[in-house]
Amino acid sequence: MNPSRAWVWVGKGLRALVGLVLLLLGWAGFFTLAASYADYPVVPPASEGPRWPRGAFHVHTTRSDGRATEAEVAAAAKAAGLHFVVLTDHNDFTPREPVFVDGVLLVRGVEISTAAGHLVAFGLERPLEGVLKGADGSEAQAAVERAGGVSVLAHPVQARNPWRHEGAARRAEGFELYSADTFFRSAVRRPFSRLLPAVGAWLGQRVHGVMLLVEPDEGPVTKLLELAREKPRLALCAHDAHGLPGYEEVFESLAMYLPPGEDGAAPVLSGDARAAAEAVVKGLASGRALCAFRALGEPEGFVLEGVDAERREAHVGDVLTVRLPPGAREHVRVEVRGAGRLRPDGVSVELVEEGAVQVEAWVEAPGRFFGSQWRPWIVPSPVRVLARSVGR
């Protein structure tokens, strides 16, 4: 080829590349501008009353594939206003005691890489025995049970690494219904329509950039409700934090909350680290814990009435009532999926068939452009719906 002609083609290629880069920057820049008009929280707190303990679940550090040390994770959690972090480094089977770091309680757990997918375990009373990376999914779940721990299906319907052992899924106690890492990976697969808008928004307002990644689909809810027909399940929101997006921004966007128990008192996370960790484990495993996308507002005051709080069960014909946080009616709706239907008053849920029902509060939040989009806000565990009891 003639050298001069080759340089012409090189020049055209460079101009095309520069044009593409400018186009992408302009596209992202549009969302940066829109982010400056996004207002958080959508639901402002009604008062400065007592706050429920809140923390991050499913967090990775440099002990596996995370980008921060435990001390750096604790610092990010403190800056985001969290009280505890459940650390779940991959295949970190070395037993370690809980500890307070800079006032934040670090609770030890583990994410086991099994042949069937990833399984998170927390609250282990004894060391795991006979479990190695790549273990059979059923064997791993059984080992967690023998160790006195709680097993949770990690990102169970994620396209990249879903859970693939039905028997173990039916025995596991917990289910990651919403996962920040899954939202991020889904956006990466759609770079122009989802990732670039989020990156552009992140440059203008970091929490808004993270919230634009939140795009729920029906797959996780459908699977959770299927499993919850057999026994009560724990619905957990997982940060699955690795450092991208940043720890602090993800911690500011969502959290697991520990509401008061039957005695009306919220868990106290101070003093002895082991006792505080036991309170966290008990709260997360009880079914009372709530997930909240806290960038949208705080969940204090939310109650789902009409359900056996300990067993998370009710009966066909029962009516559940959603008590929203004070002042949260505007821009808020109750979302019902499964064995229930929402009554016209917008807060009562009639249970119409056996199975399971998921009841959540959603908020009309800032959208990708200058409009709005409905997003999940407060997420409790599902309620198992039993046959109508005798005498009803």
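Please read these numbers as outputs of a predicted model, since none were measured by experiment. Basis for what follows: all heavy atoms, side chains included, without hydrogens, waters or symmetry-related copies.
Put simply, the side chain of W377 gets close to the backbone of G297: a donor and an acceptor are under 3.5 Å apart. With hydrogens and angles disregarded, no donor-acceptor distance shorter than 3.5 Å links the side chain of H83 to the backbone of V104. The closest donor-acceptor contact from the side chain of Q358 to the backbone of R337 lies at 3.5 Å or more, if one exists at all. A donor-acceptor pair is defined here as one N or O able to donate and one able to accept, closer than 3.5 Å; no such pair exists between the side chain of Q373 and the backbone of A365. The main-chain N or O of L227 is never found under 3.5 Å from a side-chain atom of E230 such that the two would form a donor-acceptor pair. Under the 3.5 Å distance criterion, the side-chain polar atoms of R233 are matched with a main-chain donor or acceptor of R170. Side chain of S186 to backbone of T182: no donor-acceptor contact under 3.5 angstrom is found. Between the side chain of W202 and the main chain of G204, no donor-acceptor pair closer than 3.5 Å is present. In this structure, N91 contributes its side chain and S113 its backbone to a donor-acceptor pair below 3.5 Å. Checking side-chain atoms of S253 against main-chain N and O of V210 turns up no donor-acceptor pair under 3.5 Å.
With a 4.5 Å cut-off on side-chain heavy atoms, L290 and M256 do not count as touching. Taking 4.5 Å as the limit, every side-chain heavy atom of V319 sits out of range of all side-chain heavy atoms of L351. Considering only heavy atoms from C-beta on, W52 stays 4.5 Å or farther from P267 through its side chain. Proximity of L106 to V86: side-chain heavy atoms (C-beta onward) are nowhere separated by under 4.5 Å. A heavy-atom distance below 4.5 Å is not found between the side chains of D240 and V59.
To the nearest 0.5 Å, the span separating CD on E129 from CZ on F93 amounts to 12.5 Å. Note that CZ of R375 and CG of L212 are 5.5 Å apart. Values are rounded to the nearest 0.5 Å. A distance of 8.5 Å separates OG1 in T321 from CZ in R343, rounded to the nearest 0.5 Å.
In terms of heavy atoms, G137 sits closest to W163 at CA-CH2, 4.0 Å.
Ring centroid separation for the pair H239 and H58 does not come in under the 6.0 Å cut-off.
Using a 4.0 Å cut-off between charged side-chain N and carboxylate O, R274 and E97 make a salt bridge. Taking 4.0 Å as the cut-off between side-chain N and carboxylate O, R96 and E70 count as a salt-bridged pair. Comment: E364 does not engage R333 in a salt bridge, judged by the lack of any side-chain N to carboxylate O separation of less than 4.0 angstrom. Taking the charged nitrogens against the carboxylate oxygens, K223 and E166 do have a contact shorter than 4.0 Å, which makes a salt bridge. Ion pairing between R312 and D308 fails under the 4.0 Å rule for side-chain N and carboxylate O. Using a cut-off of 4.0 Å between Lys/Arg side-chain N and Asp/Glu carboxylate O, K282 and E278 are scored as not salt-bridged. A salt bridge links E305 with R323: the distance from a Lys NZ or Arg NE/NH1/NH2 to an Asp or Glu carboxylate oxygen falls below 4.0 Å. At a threshold of 4.0 Å, the pair R54-E298 counts as salt-bridged, since one of the basic side-chain nitrogens sits closer than that to a carboxylate oxygen. With respect to R51 and E300, a salt bridge is recorded, a charged nitrogen being found less than 4.0 Å from a carboxylate O.
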Note to self: The test is side-chain contact (heavy atoms from CB on, under 4.5 Å); show your working for E176 and V120 and say whether it passes.
What the structure shows: CA-CA 9 Å; E176 291 184 354; V120 168; 3.9 Å; yes

Checklist line | Chi angles and distances behind the ring-ring contact (aromatic ring centres under 6.0 Å, His included) call for Y257, F302 | finding: CA-CA 11 Å; Y257 288 76; F302 178 91; over 10 Å; no

Checklist line | Check against side-chain contact (heavy atoms from CB on, under 4.5 Å), L304 and V383 | finding: CA-CA 10 Å; L304 184 58; V383 175; 3.9 Å; yes

Check: For F251 and L82, what are the C-alpha separation, side-chain angles and deciding distance, and is it a side-chain contact (heavy atoms from CB on, under 4.5 Å)?
Finding: CA-CA 7 Å; F251 293 164; L82 299 187; 3.6 Å; yes

Next item on the list: In sequence, state the C-alpha distance, the side-chain angles, and the governing distance for L258 and V280, and then conclude on side-chain contact (heavy atoms from CB on, under 4.5 Å).
Entry: CA-CA 8 Å; L258 307 180; V280 169; 4.2 Å; yes

Margin query: Test salt bridge (Lys or Arg N to Asp or Glu O under 4.0 Å) on E72 and R67; report intermediate values, then the result.
Written below: CA-CA 9 Å; E72 290 168 335; R67 297 183 171 215; over 6 Å; no

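When each of E313, E354, H315 is paired with R384, the side chain to side chain donor-acceptor pair (under 3.5 Å) condition holds for E313 and for no other.
Ring planes of F183 and F293: tilted class, angle from 30 to 60°.
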